[in-house]
Number of protein chains: 2
Amino acid sequence: MAQAGTVDRILDTAEVLFAQRGFAETSLRAITSKAGVNLAAVNYHFGSKEALIQAVFERFLTPFSLALDAKLDEMEASGIPDTPENVLGIVFRLALGTHPDDPQRAAIFFRLSGQAYSQPQGHLREYLHTHYGAVFARLQLHLHQAVPGVPPMELFWRVQFSLGAVIFTLSGMQSLQSISKADFNMDASTADITKRLLPFLVGGIQAEVPDQPLHTDK
Amino acid sequence: MAQAGTVDRILDTAEVLFAQRGFAETSLRAITSKAGVNLAAVNYHFGSKEALIQAVFERFLTPFSLALDAKLDEMEASGIPDTPENVLGIVFRLALGTHPDDPQRAAIFFRLSGQAYSQPQGHLREYLHTHYGAVFARLQLHLHQAVPGVPPMELFWRVQFSLGAVIFTLSGMQSLQSISKADFNMDASTADITKRLLPFLVGGIQAEVPDQPLHTDK
DNA sequence: CTGGCAGCCAAACGTATGTTTGAAACGTAT
DNA sequence: ATACGTTTCAAACATACGTTTGGCTGCCAG
């Protein structure tokens with residue numbers, strides 16, 4: 001990130017600062033000064049701060065969703081069975097590995113996702129759902145093959161729960177690490193945590209659904 | 001919330017707005033104008049905006065943690081066994097029931113918690129950990145009794161994962177409801193979702209831990 | 001009646017933010 | 001060398017924010 005163009009320097013700096021402090025708490029002046037570019041460059045190249053935020057996400061999610069699509073193709077072709085471990089494993093390895101050069105990049109990825117989802121008014125949320133909803137639906141389909149006993153509606157919510165567990169944990173990892181270090185005298189890396197996450201999520205996703213139907217239709 | 005004093009009117013309005021839009025995105029002017037009080041009243045009664053935020057949390061969490069302590073006492077006294085369902089069930093029923101008059105209050109509670117945790121710099125996080133860490137530790141102890149096969153370190157993270165699933169889901173319920181309604185033609189209440197959450201979390205928490213020790217000590 | 005005081009109010013203050021502006025610098029094709 | 005479109009820059013602009021101020025109420029003890 002040393003001698004890149006102005007646009008990339010802005011994106012590189014913005015994605016780090018957004019992940020660290022959040023969108024509202026990160027000023028354009030903080031971004032531009034740290035990036036070594038003029039303040040007006042953001043509005044010149046992106047138009048507005050909100051457009052900058054979207055650009056940051058696009059640069060992140062487009063390669064990710066493309067890679068995920070490819071991996072799912074590969075899995076369907078080679079006949080690898082649809083198990084929760086396999087499907088979730090693909091997502092995790094991809095999220096951790098789309099930028100192998102920078103290991104911290106994965107943490108930024110999740111923290112950004114967390115910021116996006118906790119963003120209350122949800123402009124970003126809609127944007128994400130419209131632009132990357134297709135891959136998401138495909139993923140869910142494979143999961144349904146993996147746990148046919150869980151009805152689609154229930155599965156939808158369990159995927160949301162899983163998303164929450166992943167994003168929430170990794171988005172707040174910095175603080176959690178200090179707690180974990182204080183209470184257990186050990187620190188945890190992103191890879192460590194994802195290793196712990198996988199069995200938890202698998203256990204949750206394939207849990208038995210309660211007998212009594214909780215009025216699933218109006 | 002009709003004819004209460006100024007302090008309570010501010011707290012009532014602030015907790016709703018904070019939950020809806022987040023802390024940084026909610027201005028004191030928005031709070032005071034909606035509450036029908038003067039702008040200066042916040043700084044007069046609370047001292048600063050940050051103190052207001054803490055006051056909102058204190059009013060929420062103190063009754064909750066007291067009730068939780070009492071319920072745990074009751075459980076220990078009456079010899080109810082420590083199962084994941086029982087322990088988590090207590091928390092859920094309490095979170096949903098501490099303010100039975102207002103069903104929406106539970107959603108606000110979780111959304112606020114989500115805002116607090118996703119708050120990047122984490123002043124609030126420390127505050128919560130120091131003021132309510134004791135109840136949290138006690139809860140974790142009971143969980144450990146419930147799933148003795150899971151080592152404490154692993155359990156710590158699984159509780160974090162569970163927290164994430166709960167807070168993330170309920171904090172973004174508004175948006176998720178529209179998605180769920182579009183895709184499955186049904187809507188979900190807070191109570192509905194928590195009913196779905198319980199088996200998911202129980203399944204995750206009591207999942208088998210992988211054989212290979214993931215270098216649990218430095 | 002009167003003094004004091006806590007609560008309340010409109011107005012202003014200082015600061016930080018996103019955005020816009022107009023000119024300067026740059027690179028490139030003619 | 002000249003002209004032109006793009007990019008960069010310092011400066012200013014408008015606005016929104018949290019906070020402070022000084023005076024105005026109403027009430028209750030003396």
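Every chain is numbered from 1, with letters handed out A, B, ... down the list of sequences. What's counted below: heavy atoms across the whole structure, side chains too, no hydrogens, waters or symmetry copies. Everything numeric here is computed off the predicted structure, so don't read it as measured data.
Across all their heavy atoms, R21(B) and A30(B) have their closest contact at NH1-CB, 4.1 Å. Closest non-hydrogen pair, L198(B) versus G89(B), comes out as CD1-N, 4.2 Å.
Under the side-chain contact (heavy atoms from CB on, under 4.5 Å) criterion, V135(A) pairs with S65(A), L68(A), D69(A), not counting sequence neighbours.
Regarding contacts with the backbone of dC8(C), a side-chain N or O of T6(B) is found under 4.0 angstrom from either OP1 or OP2.
One atom, CG of D8(B), and another, P of dG7(C), lie 13 Å apart when rounded to the nearest Å. Summarising the geometry, the separation between CZ on R21(A) and P on dA16(C) is reported as 14 Å, rounded to the nearest angstrom.
A salt bridge does not link K34(A) to D12(A): none of the charged side-chain nitrogens sits closer than 4.0 Å to a carboxylate oxygen. Using a cutoff of 4.0 Å between basic side-chain nitrogens and carboxylate oxygens, R138(B) and D73(B) are scored as salt-bridged.
Across all strands shown, dT30(C) forms a Watson-Crick or G-U wobble pair, both distances under 3.5 Å, with dA1(D).
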Pull out every protein N or O sitting under 3.5 Å from an N or O of nucleotides 19-21 of chain C, one pair per line with the distance.
residue : atom : partner : partner atom : Å
dT19(C) : OP2  : N43(A)  : OD1          : 3.2
dT19(C) : OP2  : K49(A)  : N            : 2.9
dT19(C) : O5'  : N43(A)  : OD1          : 3.4

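Residue contacts for T26(A): at a heavy-atom cut-off of 4.0 Å it reaches the sugar-phosphate backbone alone, with no base atom in range.
Considering F57(B), F23(B), F109(B) as possible partners of F18(B), the one that fulfils the ring-ring contact (aromatic ring centres under 6.0 Å, His included) test is F23(B).
For the atom pair OG1 of T26(B) and CD of E15(B), the computed distance is 12.5 Å after rounding to the nearest 0.5 Å.
Boundaries of the chain A contact region on DNA chain D are dT6(D) to dA12(D), first to last in 5' to 3' order (nucleotide atom under 4.0 Å from a heavy atom).
A distance-only check finds no donor-acceptor pair linking the side chain of K49(A) to the backbone of S27(A) [under 3.5 Å].
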